[in-house]
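Take a look at the structure set out below.
Note: hydrogens, waters and symmetry copies are ignored here, and every other heavy atom, side chains too, is used. Naming: A, B, ... by sequence-line order, numbering from 1 per chain.
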Protein chains: 2
Amino acid sequence: MAVKEVPSYRRLYEKLRKLMEDGTYKRGDLLPSENELCAAHHLTRPTVRKALDMLVNDGFILRHQGLGSIVQGQPKGIGILSLSGTTSAIGQDILTTRIIVKPNIISWEQAFGFEINENEKSMGCIYMERLRLINDRPVFYDITMIPNLNLPRFTSRTFENRSLFEILRKHYQLEVKGGEQKIQAITADERIQKHFEVRKNHPILRIDRKMETNRMGFSFFSQIYCNTSDYSLIGRF
Amino acid sequence: MAVKEVPSYRRLYEKLRKLMEDGTYKRGDLLPSENELCAAHHLTRPTVRKALDMLVNDGFILRHQGLGSIVQGQPKGIGILSLSGTTSAIGQDILTTRIIVKPNIISWEQAFGFEINENEKSMGCIYMERLRLINDRPVFYDITMIPNLNLPRFTSRTFENRSLFEILRKHYQLEVKGGEQKIQAITADERIQKHFEVRKNHPILRIDRKMETNRMGFSFFSQIYCNTSDYSLIGRF
DNA sequence: CTACCTTACTTGTATATACAAGTACAAATA
DNA sequence: TATTTGTACTTGTATATACAAGTAAGGTAG
């Protein structure tokens, strides 16, 4: 299979993003001006601006006419939900993943309230459950359902340390571009009580998500339960 | 004060957006092609593409090379949170607002965990509490805190039926461009129990938000409590 | 009838260019 | 000294153009 060439505006986006994530550019810093970026990367202004526009959309920078591109702190998360501790900041904390139900193929029963089409229904569904822990305390419990359309060897892959998004992107050229979500506060039922080791009536955040990808008509679904008593979900909008 | 001219890509964006919102273009329809839009509005492709890019970012359309721009259903909400009933769809339902604490000027005590700078602190804070009801049942309870920087006559305005965002935009040229948020599931304390008429231990969604505006360095803060037992928060990401 | 190819149309990427408008700072002015 | 002006630099808007690449549909050869 031919490797799709990465467009140059995307390369610049990734480059600048990495520099901000690794702390080379800190919050409040100014990025090099558009003209400087043009010269440094042998690109023209529209191309550079496209990369910067993407960084604005993702919340990495703010731009001001006459001033420049101002580096922001936390970016807005696409897909991956960021966490912030009520006391400590995450980062030093140890994040682990425990597979509750290994990926296996079942038939579609539901998709958390989202519609699925006939094609997806006939192909079956890859089902998995994971528990994510911070410092050995469970914080996320999620159920993921993926239509079984041409994803060879998927069920035998390991999902321990690598993110699902990364595997889909690297091995199947599937990128999550956005989606739909429903958010609710609920009280823990028996199953959730067991997973999170909490008492009855403990408040839990529940998010149902439909993830849309770059492959036309290919979506997958996930239901996330989150114990927010020690960590809040944070993000930009 | 001179009225700022609206750029043409934004005019086109608003126009297309309106056509989708009022149902002229329905879910699954194709928008006119870029070249057709160019001809119809006397613009060039880069300008038209900018408007379409914005519609993609807001979740109104998906685009596919070789095919066209496909109209989507619900858009993603900036600032205003959309609701979806578990049984009925919202729309026929009656939405009302009840002012619990009228806008008044107090001193800053907190900003829901977000930082405020010295300038904002010295100017005082406009404080208000509102309750929003659907079919006479309370669903949202929110506290808003706005730095009192040059907002003449703000405390005497009415917030009954008009949205805060609309008033800020129309009268003070303040547009919310994005922000930061923290989401948690909590159980109702006494005050919330009273407002929502729910029992002890009822799960409530709590969102703390910092809203950033087009005026540099001007942000305001809001804390939203939401009873999600009948309505989920929905949105695109 | 089926499989392949061509063609016309679509969006994607990229360059080159021009002027408008906002910001910061230094120089000139009152 | 305090204020205004000018200037250089920044991002914002817009046009014109070219070619690449994906999609759908119709024609053609087998």
Side-chain angles (χ1 to χ4, degrees), chain A residues 1-16 25 28-57 60-72 173-175 177 213-218, chain B residues 1-16 25 28-57 60-72 173-175 177 213-218:
Chain A
M1 190 187 299
V3 180
K4 202 162 76 177
E5 180 145 7
V6 179
S8 46
Y9 70 86
R10 207 170 192 323
R11 276 204 302 273
L12 178 56
Y13 163 84
E14 299 283 1
K15 199 164 190 170
L16 293 173
Y25 295 121
D29 288 356
L30 289 180
L31 289 189
S33 78
E34 296 178 357
N35 285 324
E36 285 170 336
L37 290 172
C38 291
H41 297 86
H42 306 287
L43 298 168
T44 55
R45 250 189 91 206
T47 308
V48 168
R49 280 180 66 79
K50 176 132 190 175
L52 294 174
D53 283 343
M54 290 174 69
L55 292 171
V56 171
N57 278 329
F60 282 99
I61 60 172
L62 285 181
R63 303 166 83 195
H64 275 283
Q65 198 171 2
L67 213 173
S69 301
I70 306 151
V71 177
Q72 294 293 291
Q173 286 76 47
L174 274 176
E175 240 178 303
K177 290 207 144 185
T213 69
N214 56 343
R215 193 185 303 180
M216 207 177 157
F218 185 88
Chain B
M1 191 187 297
V3 179
K4 203 161 76 176
E5 179 144 9
V6 179
S8 47
Y9 70 87
R10 206 168 194 322
R11 276 205 302 273
L12 178 56
Y13 163 84
E14 300 284 0
K15 198 164 189 170
L16 293 172
Y25 295 121
D29 288 354
L30 290 179
L31 289 189
S33 77
E34 297 178 356
N35 285 325
E36 286 170 336
L37 289 172
C38 291
H41 298 85
H42 305 289
L43 299 167
T44 55
R45 250 190 91 207
T47 308
V48 168
R49 280 180 67 79
K50 177 133 190 175
L52 294 174
D53 283 343
M54 289 173 70
L55 292 171
V56 171
N57 278 330
F60 282 98
I61 61 172
L62 285 181
R63 303 166 82 196
H64 275 282
Q65 198 170 1
L67 213 173
S69 301
I70 307 149
V71 176
Q72 294 293 292
Q173 285 78 48
L174 276 174
E175 240 177 305
K177 289 206 143 186
T213 68
N214 56 342
R215 193 186 303 180
M216 210 179 157
F218 186 88

Distance in angstrom units between [X] [atom1] and [N] [atom2], rounded:
X: A:His41; N: C:dA14; atom1: NE2; atom2: C1'; value: 16 Å
X: A:Arg49; N: C:dT13; atom1: CZ; atom2: P; value: 17 Å
X: B:Arg10; N: D:dA14; atom1: CZ; atom2: C1'; value: 17 Å
X: A:Glu34; N: D:dT11; atom1: CD; atom2: P; value: 4 Å
X: A:His64; N: D:dT11; atom1: NE2; atom2: C1'; value: 11 Å
X: B:Tyr9; N: D:dT15; atom1: OH; atom2: P; value: 13 Å
X: A:Leu30; N: D:dC9; atom1: CG; atom2: C1'; value: 12 Å
X: B:Lys50; N: D:dT11; atom1: NZ; atom2: C1'; value: 10 Å

Checking contacts here: which listed nucleotide ([options]) is nearest the side-chain heavy atoms of [X]?
X: A:Leu67; options: C:dA24, D:dA14, C:dT11; value: C:dA24
X: B:Glu36; options: C:dG12, C:dT10, D:dT11; value: C:dT10
X: A:Leu43; options: C:dT15, D:dT11, D:dA14; value: C:dT15
X: B:Ser33; options: C:dT10, D:dA14, C:dG12; value: C:dT10

Show which side-chain atoms of residues 36-43 of chain A pair as donor or acceptor with protein atoms under 3.5 Å away, not counting sequence neighbours.
{"unit_1": "A:Glu36", "atom_1": "OE1", "unit_2": "A:Ser33", "atom_2": "N", "d": "2.9"}
{"unit_1": "A:His41", "atom_1": "ND1", "unit_2": "A:Leu37", "atom_2": "O", "d": "3.1"}

Practice item. If a protein heavy atom is under 4.0 Å from the base, mark B; if only from the sugar-phosphate, S; if neither, -; do that for nucleotides 16-21 of chain C going 5' to 3'. Key: B-B-BB
If you measure from [atom1] on [X] to [atom2] on [Y], what distance do you get to the nearest 0.5 Å?
X: A:Thr47; Y: A:Leu12; atom1: OG1; atom2: CG; value: 9.0 Å
X: B:Ile61; Y: B:Asp29; atom1: CD1; atom2: CG; value: 12.5 Å
X: B:Ser69; Y: B:Leu62; atom1: OG; atom2: CG; value: 9.5 Å
X: B:Asn35; Y: B:Thr44; atom1: CG; atom2: OG1; value: 11.0 Å

Exercise for review: Determine the sole option in B:Arg10, B:Arg63, B:Arg45 for which the salt bridge (Lys or Arg N to Asp or Glu O under 4.0 Å) test with B:Asp53 is passed.
Suggested key: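 Of the listed residues B:Arg10, B:Arg63, B:Arg45, the salt bridge (Lys or Arg N to Asp or Glu O under 4.0 Å) partner of B:Asp53 is B:Arg63.
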Review point. Does A:Glu34 offer a backbone N or O that forms a donor-acceptor pair with the side chain of A:Arg49 under 3.5 Å?
Key: no
Practice item. Check whether any side-chain nitrogen or oxygen of B:Ser8 sits under 4.0 Å from OP1 or OP2 of D:dT13, and answer yes or no. Key: no
